[in-house]
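Just follow the structure's listing: the first ligand is 1, and inside any ligand the first atom is 1.
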Amino acid sequence: MDMTKIEALKADIEGLAFSDDPPVVQQKSRDFFWYSPVLRHQLDRVTADIVVTPASEDDVRRVLAACYRHDVPLTVRGAGTGNYGQSVPLSGGVVLDISGMRAVTAIRDGAVTVEPGARAATINAATRADSNQELRVYPSTSRTATIGGFIAGGIGGIGAVRFGPLSEPGTVLGLRLLTMEAEPRVVVLTGDDVHKAMHSYGTTGVITELELGLAPAHDWVEVFVCFEKFMTAARFGNAVAASDEIVANEVGVIAAPFPHDGFLQHRAYFRANQHACILLVAAESLPALEALTAQFQGVTVFRSDRLSAADRTSLPPAEELVWNHTTLRAIRIDPTVTYLQVLYPPKNHLEHIENLLGKLTDEVITHLEFVRVGGELTCYAIPIVRYTTDDRLNEINAAYEDSGCLIFNPHRYTVEEGGMKRSDSDQLAFKRDADPKGLLNPGKMIAWEDPHFKVSARSMYLFPGLDTH
Ligand SMILES: Cc1cc2nc3c(=O)[nH]c(=O)nc-3n(C[C@H](O)[C@H](O)[C@H](O)COP(=O)(O)OP(=O)(O)OC[C@H]3O[C@@H](n4cnc5c(N)ncnc54)[C@H](O)[C@@H]3O)c2cc1C
């Protein structure tokens, strides 16, 4: 990056908190892309030039105007827990660390208004205390990730088995954002328009406020049910998720031997040959769950309502065993493994799971997360994969794609490849309006950089502006 531009920018933002100390800037230029051997190779040396920490929307406006004036790229960062290199500044410039803007500003029946840096756990504590409500969907990183980062970069999580991924109506009700222009404008998106800026990796504006849907809160009990056969565990998980008598906020299924080998603090509860269903179930649903468990001949090995006070404080919450926490625990034990992320087609997802299970046993430990999409039950697979080469990883991904799964490729840093979706024309049109110079998180939206690029599980988009200094 041309340092005269950065010096000019510094003069414009005088009085705002910033750091250009290289170790600080480098640390704030990274996220959890290192889950992927492919991205590790590409992004390890990428760094911004300066980190700016706004405390208010006015501060954000000043930084945007200065970046626009001096043609400096800007990448927003929440807590940097994204896995696809989403908040890695491919062309250097400014990292805007928004994590300090974290107020919960208003709570009403069915909705909460927050600043983007708020954590889901803090929001849930506030809405429970206020009116016994909680977020419909939140990530397993509820204690660390920002809510703005989740909406701009996440997919689903706890609650998705009832309310679906983030894109389902009723979860994100409104977004307020600032544009990257000479005089940044406030744009408020509501209804279907929120999709113009959701899951766009901060390429379409800086979100400064969010209105999110709330549901009545429950007293959630963590329950682990084990099975000798994986497909029985998967069918049981499906039955729990489909049941009208059981209110479940999380249904994850993880193949043996991982529950025993990977959930180290919970190891005593599992045997090595047991496949586990990890559940969050409303206390009032426990009798119905027990009846279903007996029907499937499952063994309940853990219930959080039966723990001693000491165990209750020493064990991590069950939400930190599921979604991408399963992957994190796998990589901590064996840094050579990695993962994939796919969505099974609804209706016959159990058949698809069984078919693929037979084909990939040696290289894959199956991990399922049940979810409702458009009201229909299906599940994501977030398998733990033994990594050998990039080509083999692409082949395994392609095996899922060929069997009809939708790929969310975690070894790519672009919006399109991460969701394996075609270019979103509404989002692109909105970006043209909100970021005419293309300074927001450059390289992350293929449609902006190269409209003719064809997304496929077998290829990778390489951003020509990638600056590794
Ligand atoms: C252990 C682990 C478990 C995880 N579990 C889940 C899970 O259950 N579900 C899930 O979906 N993901 C999960 N993830 C991925 C990630 O944690 C979530 O997507 C998370 O919510 C991202 O929040 P963040 O604050 O870390 O965002 P960051 O990583 O900092 O940013 C994510 C993206 O959002 C953009 N962004 C951030 N703030 C703003 C803003 N205010 N305006 C505009 N753009 C913005 C950034 O530029 C970036 O592109 C997990 C990751 C890890 C490491």
Side-chain angles (χ1 to χ4, degrees), residues 28-36 48 54 57 60 64 73-90 94-102 114-121 135 137-161 165-167 171 175-180 187 197-210 250 252 316 319-332 339 341 367 369 371 380 382 408 410 413-415 418-419 431 434-435 440-445:
K28 295 279 186 184
S29 300
R30 298 173 68 82
D31 62 12
F32 276 64
F33 66 79
W34 50 264
Y35 270 32
S36 159
E57 189 179 86
V60 176
L64 284 165
L74 177 142
T75 300
V76 194
R77 176 190 171 90
T81 65
N83 299 109
Y84 304 170
Q86 289 122 309
S87 58
V88 175
L90 301 185
V94 170
V95 160
L96 188 76
D97 177 356
I98 204 120
S99 62
M101 289 172 59
R102 52 172 66 187
V114 294
E115 287 189 323
R119 276 40 175 186
L135 289 169
V137 183
Y138 56 91
S140 69
T141 43
S142 72
R143 301 200 285 186
T144 48
T146 68
I147 200 73
F150 182 48
I151 303 308
I155 293 172
I158 314 301
V161 65
L166 280 174
S167 49
T171 295
L175 296 177
R176 177 183 170 99
L177 44 86
L178 283 179
T179 60
M180 169 63 93
V187 177
M198 271 177 66
H199 203 75
S200 66
Y201 295 5
T203 59
T204 50
V206 178
I207 301 167
T208 54
E209 192 177 79
L210 306 93
E250 163 63 26
E319 70 182 39
E320 293 181 6
L321 303 182
V322 292
W323 291 88
N324 247 331
H325 271 87
T326 316
T327 322
L328 179 62
R329 289 173 189 280
I331 296 174
R332 276 195 188 140
Y339 73 124
Q341 203 160 299
H367 163 200
E369 292 291 343
V371 62
Y380 287 103
I382 315 180
F408 295 76
Y413 51 70
T414 60
V415 175
K431 180 173 173 66
D435 179 25
L440 288 172
N441 209 355
K444 301 292 169 59
M445 190 190 278

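Here the CD-CZ distance, from E57 to R176, works out to 4.0 Å after rounding to the nearest 0.5 Å.
Close contacts of ligand 1 with G78, meaning ligand atoms under 4.0 Å from a residue heavy atom, involve 25 (O), 28 (P), 30 (O), 37 (C). Close contacts between ligand 1 and G202 involve ligand atoms 43 (C), 44 (N) [criterion: under 4.0 Å to a heavy atom]. Here is the list of ligand 1 atoms found below 4.0 Å of a heavy atom in N441: 47 (O), 49 (O). Close contacts of ligand 1 with Y35, meaning ligand atoms under 4.0 Å from a residue heavy atom, involve 1 (C), 2 (C), 52 (C), 53 (C). Each of the atoms 10 (C), 11 (O), 21 (O), 22 (C), 23 (O) of ligand 1 lies under 4.0 Å from some heavy atom of F150. Every atom of ligand 1 is numbered from 1 in the order shown, and the set under 4.0 Å from a heavy atom of T141 is 2 (C), 3 (C), 4 (C), 17 (O), 50 (C), 51 (C), 52 (C). Below 4.0 Å from some heavy atom of G154 lie the following atoms of ligand 1, by number and element: 11 (O), 19 (O).
Ligand 1 has no nitrogen or oxygen under 3.5 angstrom from a nitrogen or oxygen of A152. The shortest N/O to N/O separation between I155 and ligand 1 falls below 3.5 Å. In terms of polar-atom proximity, W323 is not counted as a contact of ligand 1, lacking any N or O under 3.5 Å from an N or O of the ligand. For ligand 1, the polar-atom distance check finds no N/O of Y138 at less than 3.5 Å from any of the ligand's N/O atoms. By the 3.5 Å distance cut-off applied to N or O atoms, G82 is counted among the residues near ligand 1. Between V76 and ligand 1, at least one pair of N/O atoms sits closer than 3.5 Å. For I98, no nitrogen or oxygen atom sits less than 3.5 Å from a nitrogen or oxygen atom of ligand 1, counting backbone and side chain alike. Close N/O approach between L328 and ligand 1 is not found [any backbone or side-chain N/O within under 3.5 Å]. In terms of N/O distances under 3.5 Å, ligand 1 is approached by Q86.
The option with the heavy atom closest to atom 10 (C) of ligand 1, from among A197, G157, G156, is G156. The heavy atom nearest to atom 37 (C) of ligand 1, considering only G117, G149, P165, is found in G149. Comparing S140, G148, A79, G159 against atom 6 (C) of ligand 1, the shortest heavy-atom distance belongs to S140. Across L166, T204, T81, D97, heavy-atom proximity to atom 51 (C) of ligand 1 is greatest for T81.
Residue, atom and distance of the protein heavy atom nearest to atom 15 (C) of ligand 1 are N83 OD1, 3.3 Å. For atom 13 (C) of ligand 1, the closest heavy atom belonging to the protein is P139 CB, 4.5 Å. Of the protein's non-hydrogen atoms, the one nearest atom 28 (P) of ligand 1 is G80 N, 3.6 Å. Protein heavy atom at the shortest distance from atom 41 (N) of ligand 1 is I207 O, 3.0 Å.
Here L177 has no heavy atoms under 4.0 Å from ligand 1, in either its backbone or its side chain. Contacts between F32 and ligand 1 below 4.0 angstrom, taking non-hydrogen atoms only, involve the side chain exclusively. Within the 4.0 Å heavy-atom criterion, the part of P116 lying near ligand 1 is the side chain and not the backbone. Contacts with ligand 1 closer than 4.0 Å are made by no heavy atom of D31, backbone or side chain.
Residues P442 and L90 fail the side-chain proximity criterion, which asks for heavy atoms closer than 4.5 Å. Side-chain atoms of L210 and P116, non-hydrogen and from C-beta on, do get closer than 4.5 Å to each other. At least one side-chain heavy atom of L440 sits less than 4.5 Å from a side-chain heavy atom of L64.
At least one heavy atom of G205 lies less than 4.0 angstrom from ligand 1.
Between the side chains of N83 and N324, at least one donor N or O lies within less than 3.5 Å of an accepting N or O. With hydrogens and angles left out, the side-chain atoms of E320 and S140 include no donor and acceptor closer than 3.5 Å.
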Passes side chain to side chain contact (heavy atoms under 4.5 Å, CB included), V94 versus T75? Steps please. CA-CA 6 Å; V94 170; T75 300; over 6 Å; no
Verdict with supporting geometry, R30 and K28, side chain to side chain contact (heavy atoms under 4.5 Å, CB included): CA-CA 6 Å; R30 298 173 68 82; K28 295 279 186 184; over 6 Å; no
T208 vs E115, side chain to side chain donor-acceptor pair (under 3.5 Å): CA-CA, chis, key distance, verdict: CA-CA 6 Å; T208 54; E115 287 189 323; over 6 Å; no
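Smallest separation of non-hydrogen atoms from L177 and A197: CD2-CB, 3.4 Å. Here the shortest heavy-atom pairing between Y84 and Q341 reads OH-NE2, 3.0 Å. Closest approach of I155 to F150, counting heavy atoms only: N-CE1, 4.2 Å. Summarising the geometry of L321 relative to T326, their closest heavy-atom pair is O-OG1, 2.6 Å, with the distance given to 0.1 Å. Residues G418 and Y201 come closest through the heavy atom pair CA-OH, 4.1 Å. The two residues T146 and A79 make their nearest non-hydrogen contact at CG2-N, 3.6 Å.
A distance below 6.0 Å separates the ring centres of Y380 and F408. Checked against the 6.0 Å centroid criterion, the rings of Y35 and Y339 qualify as a close aromatic pair.
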